[in-house]
Amino acid sequence: MQIKRITFMLTNPIDYLSQVNDPRRQTKNLLHPLKNILTIALTAVICGYHDWVDIEDFGNENQTWFSKFLDLTNGIPSHDTFSNVFKRLNKDELCQYFSAWINDNKLVHPHIAIDGKFVQGGHKSENPLQLVTAFASQTKLNAYHKNNQPVCLG
């Protein structure tokens, strides 16, 4: 029996995120381009990270990979930088470009089924085991997420 491997590729979000206006004063002390901050944060959130310290840690753990397509001359932004920039961002503008990126990918993967579950009796627990799955029917890609774990593709 031969296993067929399917490659799943989203369009590059950097092209969309680069259009978001930077709310920071443009000075010579501006160390991290906005597209770096947005790209690292988006990637970390997709992988299941939820707070700024975790997002900074994720960036540092994957700095070699990020440096292949981002200018990381000044390294990974700190958790304070992520927090301060996101506080100042125009949320409507960010949502507009993020939605455009998602909608452009929707054309490639028009039908995605999503299912979520709690382990039986889990709703009575403080930290119940949860499982969310998404299935792209056209590409036969399965993605699942268990609470406190990164997204897994299969």
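The residues of the chain are indexed from 1 along the displayed sequence.
With a 4.5 Å cut-off on side-chain heavy atoms, R24 and L34 count as touching. Side-chain contact check for L17 versus I14: every heavy-atom pair is 4.5 Å or farther apart. A heavy-atom distance below 4.5 Å is found between the side chains of L38 and L89. Residues I55 and D51 form no side-chain contact, since every pair of their non-hydrogen atoms from C-beta on lies 4.5 Å or further apart.
The side chain to side chain contact (heavy atoms under 4.5 Å, CB included) test applied to D71 returns T73, not counting sequence neighbours. Partners of F98 by side chain to side chain contact (heavy atoms under 4.5 Å, CB included), not counting sequence neighbours, listed by chain and number: L42, W101, I102. The side chain to side chain donor-acceptor pair (under 3.5 Å) check on N90 picks up nothing, with sequence neighbours excluded. A search for side chain to side chain donor-acceptor pair (under 3.5 Å) contacts involving Q19 returns nothing, not counting sequence neighbours. For the side chain to side chain donor-acceptor pair (under 3.5 Å) test, residues two or more places apart in sequence or in another chain that qualify with N21 are E93.
Side-chain atoms of H32 do not come within 3.5 Å of backbone N or O of L30 as any donor-acceptor pair. S99 contributes no side-chain N or O that, together with a main-chain N or O of Q96, makes up a donor-acceptor pair within less than 3.5 Å.
The distance from the CZ atom of F66 to the CG atom of N60 is 10.0 Å, given to the nearest 0.5 Å. The structure places CD of E61 at 10.5 Å from CD of E56, a figure rounded to the nearest 0.5 Å. The distance from atom CD1 of I40 to atom CG of L70, rounded to the nearest 0.5 Å, is 6.0 Å.
Screening W52, W65, Y49 for a ring pair (Phe, Tyr, Trp, His ring centres under 6.0 Å) involving F58 leaves a single residue, Y49.
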Would you list the atom pairs, donor with acceptor, under 3.5 Å between side chains in residues 80-87 and any protein atom, with sequence neighbours excluded?
| unit_1 | atom_1 | unit_2 | atom_2 | d |
| --- | --- | --- | --- | --- |
| T81 | OG1 | S78 | OG | 3.1 |
| N84 | ND2 | D80 | O | 3.1 |

Criterion side chain to side chain contact (heavy atoms under 4.5 Å, CB included) on K35 and V20, from CA distance to verdict: CA-CA 8 Å; K35 72 176 184 179; V20 176; over 6 Å; no

Test side chain to side chain contact (heavy atoms under 4.5 Å, CB included) applied to T39 and F69, step by step: CA-CA 10 Å; T39 302; F69 52 89; 4.1 Å; yes

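In the hydrophobic clustering of ILVMFWY residues, with side-chain heavy atoms under 4.5 Å counting as a link, L31 and I76 come out apart.
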